[in-house]
There are 2 protein chains.
Amino acid sequence: MASESVTLADVAAQAGVSKMTVSKVINRKPGLKDSTRERVMEVVEQLGYTVHASARALAGGRTETLGVLVPSLYSQYLSEIIRGVDRTALKAGMELLISTTRRSSGPRNTGRLAQGLVDGLLIVLPDPLALDESTLRSLPLPVVIIAPNTEEADDLPMFPTVDADHYTGARLAMDHLLSLGHRRIGLISRSGRMSHSLKRVSGYREGLLTAGIPLDPELEVEGDFTQKAGFDAARTLLNLRVPPTAIFAVNDVSAFGAIEAIKDHGLRVPEDISVIGFDDIPQASQVYPPLTTIRQPLLEMGAAGTRLLLALIQGVEAVTDRLIVPTELIVRSSTGPLAARPINPGTPPM
Amino acid sequence: MASESVTLADVAAQAGVSKMTVSKVINRKPGLKDSTRERVMEVVEQLGYTVHASARALAGGRTETLGVLVPSLYSQYLSEIIRGVDRTALKAGMELLISTTRRSSGPRNTGRLAQGLVDGLLIVLPDPLALDESTLRSLPLPVVIIAPNTEEADDLPMFPTVDADHYTGARLAMDHLLSLGHRRIGLISRSGRMSHSLKRVSGYREGLLTAGIPLDPELEVEGDFTQKAGFDAARTLLNLRVPPTAIFAVNDVSAFGAIEAIKDHGLRVPEDISVIGFDDIPQASQVYPPLTTIRQPLLEMGAAGTRLLLALIQGVEAVTDRLIVPTELIVRSSTGPLAARPINPGTPPM
DNA sequence: CTGAAAGCGCTTACAG
DNA sequence: CTGAAAGCGCTTACAG
C-alpha cells in the first residue's frame, strides 16, 4: 500500500531546478519566472508530491495548522464549536488537527498537539479545569480558551478566553415567558457548580425578582443536563400542588425531557404548559413541537476564538482577553401565551 | 505565553550526557545504567521536556500516533466510533489525531494526516466514497476503512474494511416484532442509495416474506434519517386505512420522530403501537419510552479497525480484509405484544 | 531570478 | 554501557 513518498529533492531533480526553487513554488513565494513555476508545478502534479508536514514544521516553524483540544467528541455542543473553528481556519488557509484530552495519556495530556505540530492551540473547556494549571502554563505556543466554564476564569490570566453571555440569555428567556403572561415559572437547573448553569439560574431568579415575583424554592428543581433528569424534574414540577404554567430548562436536552413528561402527564405543549430551553442545539428545531430556546452562538464562539488565535500567531496584540459573545432568543413552538383556563380543574385561575 | 521549548540537547547538557543517551531514556531503550536513566529523568522532569513530535517523525519514522479521518464531527455515530478507536489506541500507547475531510481544503483532502504525522490512518466513511479513489490510492501509509457505506466496497480492494452486519440486524428487528405477534409492520426507510439503509430494508422485506407475510408497498415510507422525516413518515403510516401495529425505523433518530407522531396522534407506545429503531445511539436509552433498537456496535467497530491498523503498521498480515461485526437486539420499552383490541374502534381485529 | 549551505530536533546504525 | 556522525525533508538567510 505505502507508495514511496516523493520528496522535494525528487521534484527538483525531475524539474531540473534546485530544491529551493521547488520550495518557493510550493509556498507561493514571489521572485520566480512564471515558466519555472509552471514547469515545477507540472512535475509536482505528475509525481503527486505533497509536503512532509513534519519536515516543514521542523525547518520553518510554520505548520499552517491549528490544533483543537477537546475533552471528548461526545457532544453536539463541542462539534458545533469545532465547526465554527473549522470554517474560520479554512478561510485563513489553515488545516485543523483535533485531539482529545485523555485520562491516562502521556505527559501533559495535550496529546501531540503541543509538540510542534501546530502553530496555535484552541482549548475547548466545558468542564471546570479539565487540564491542570501547570499543564496550561507550560504550553509553548499561542493558546486561546473557548467557553471556560469556571467561576475562576481569572485563574487563567495567561490566555484569552471566549464565552457566551449566559446570564443575559437566561434573562431573555424569562422576559419571553413573562411577556407571554406567565407568572408561575418552573426551573430545571443543573446540580454542581458549573458556572454556565449558575449564571443561567441567576438570570432566572433576577428575571422573576425584576418582574416583582417572589422566588418559590419549590419551583427550582435540579437536573443534570440529561433528558432523563429533565423528565424527572418536570414530573416533580407537574405534581406540585400548584404546578407552573411554564418551565425554563437550563439546557435543551433537559427541555426535551420536560416535554416528554408533560405529554406523558396528558398535557400539551405549549397550550397547557410552555417550555423554553437553552443552547439551541441542532435537534431543538427537529423535535415536536420545535423548541423555543436561547441560542448559544457556538459557531460564532468557535469562529471568534479562531480569529483571536490567528491574530496571536501573527503577533498582533489581542483586542480583548475576555470575549463575551451575545446569546439570542429563538422563538419556536414550545412556548405560548398563558392559558385563560386553569390547568387543574378546581385550581383557581391565578 | 510561549515559554521557550526545551530540546534534547538542553537535557543532555544539563545531565552531562550525550543526546543519544537522553534519546534512549526517553524511548525506554535497553542498555543503560539505572543511575544514568534516573539522572536523565530528573532533568527531564525539572526542565519540563517533551519530545518534538515533528523532529521525531522526521528522524525515526515512528510517530506513535494514529490518524482518524472523518467527514465531520457532527454525528454521535461518528463520535462513538472514534471513542472505540481512542480506547484501543490508548491501550496500545498511541496518540490520536483527528481531522475532517473538508470540501475546499488543500491537495488530497486528507488534511495533514497523510503527510508524515501519523503511523497509520483510519478512515471513517459513512457517506459513499467521500474521498475519490485516486486520493485513496496515493496514500503513503497503512490505511483501514471503517463502515464503508457503499455497495461497491469491492472498489476499494486496496484497504481492509470494517462494517456492521446491517442485514442480519434488520432481520433481528423483524423477528422481535413478529415474535410479539405483529403482522402488519410499517417501515420508515431512507431515500437514496446508501447501502446501510438498503441492507436494512432487505432485512425488513425478507423478514416479512420468511414469516409468510406478503409485502405491502403502502407500509414502506421513505424518510431521510432525521427526526422530522420520521415524524412525517409515521403520520403517513398512522393515517393509513389499516395502520400498522408496529413500526421499524431504519435508524434511531427516525424512530424518535415516529414516537412523537404516535403520541401526537393520541396513541401510546408500546401499548397501541410498537416502535423499533436501529443504531442504538446513546440517546436511545434516554428518551421516553426507552427505545428498543438494534445495536450497531460502533465502539467495537472502531476498536476492531484500530487493531487491524495496528497489525498493519507492525507489518503483520491482516487476518481478514472484510471484517463484519455482528449487530444485536436491545429490548427496551418501545415494543410490546400486539394488543388484543383494535387500534381504531370500528376496525375489525386482525 | 536562482542556488549552495546551514540547521530545525530528533533517531539510527556504527564505534568504542 | 555510552557517544560522535550522518541524515530525515524541509526552510531560512545569504550570495550571486
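These values consider heavy atoms only, across backbone and side chains, with no hydrogens, waters or symmetry-generated copies. Proteins come first, then strands; the chains are lettered A, B, ... in the order of their sequence lines, and each starts at number 1.
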(message) At less than 4.0 Å, is any side-chain N or O atom of A:T21 found next to OP1 or OP2 of C:dT2? Yes or no.
(response) no
(message) What is the distance, to the nearest angstrom, from the NZ atom on A:K24 to the P atom on D:dC14?
(response) 14 Å
(request) Please tell me which of the listed nucleotides, D:dA4, D:dC10, C:dG3, lies nearest to the side chain of A:V51? (result) D:dC10
(message) Which helical stems does DNA chain D take part in, if a stem means at least 3 consecutive Watson-Crick or G-U pairs with both distances below 3.5 Å?
(response) C:1-3 with D:14-16, C:5-12 with D:5-12, C:14-16 with D:1-3
(message) Please classify the nucleic acid contact of A:T36 as base, sugar-phosphate, or nothing, using heavy-atom distances under 4.0 Å.
(response) sugar-phosphate
(request) Check the distance between D:dC10's C1' and A:Y49's OH and give it to me in whole angstrom. (result) 7 Å
(message) If I take atom CE in residue B:M20 and atom C1' in nucleotide C:dT12, what distance separates them, rounded to the nearest angstrom?
(response) 8 Å
(message) Rounded to whole Å, please give me the gap between NZ in A:K29 and P in C:dT2.
(response) 16 Å
(message) I need the CZ-C1' distance between A:R39 and C:dT2, as an integer number of Å.
(response) 11 Å
(request) Please figure out whether B:D34 or A:A9 has its closest DNA chain D nucleotide nearer the 5' end. (result) B:D34
(message) What is the separation between atom CG on B:L58 and atom C1' on D:dG7, rounded to the nearest whole Å?
(response) 9 Å
(message) Rounded to whole Å, please give me the gap between NE2 in A:H52 and C1' in D:dT11.
(response) 14 Å
(message) Does C:dG9 have OP1 or OP2 under 4.0 Å away from a side-chain N or O of B:T7?
(response) no
(request) Sequence neighbours left out, what passes salt bridge (charged side-chain N to carboxylate O under 4.0 Å, His left out) with A:R83? Give chain and number order. (result) A:E80
(message) Can you measure A:I26 atom CD1 to D:dT11 atom C1' for me and round it to whole angstrom units?
(response) 13 Å
(message) Can you give me the closest heavy-atom contact between B:K19 and B:L8, atom names plus distance?
(response) O-CD1, 3.8 Å
(request) Hey, which sits more toward the 5' end of DNA chain C by its nearest nucleotide, A:K33 or B:A55? (result) A:K33
(message) Here's a test of your reading of the structure: between A:K19 and A:L32, which maps to the more 5' nucleotide of DNA chain C?
(response) A:L32
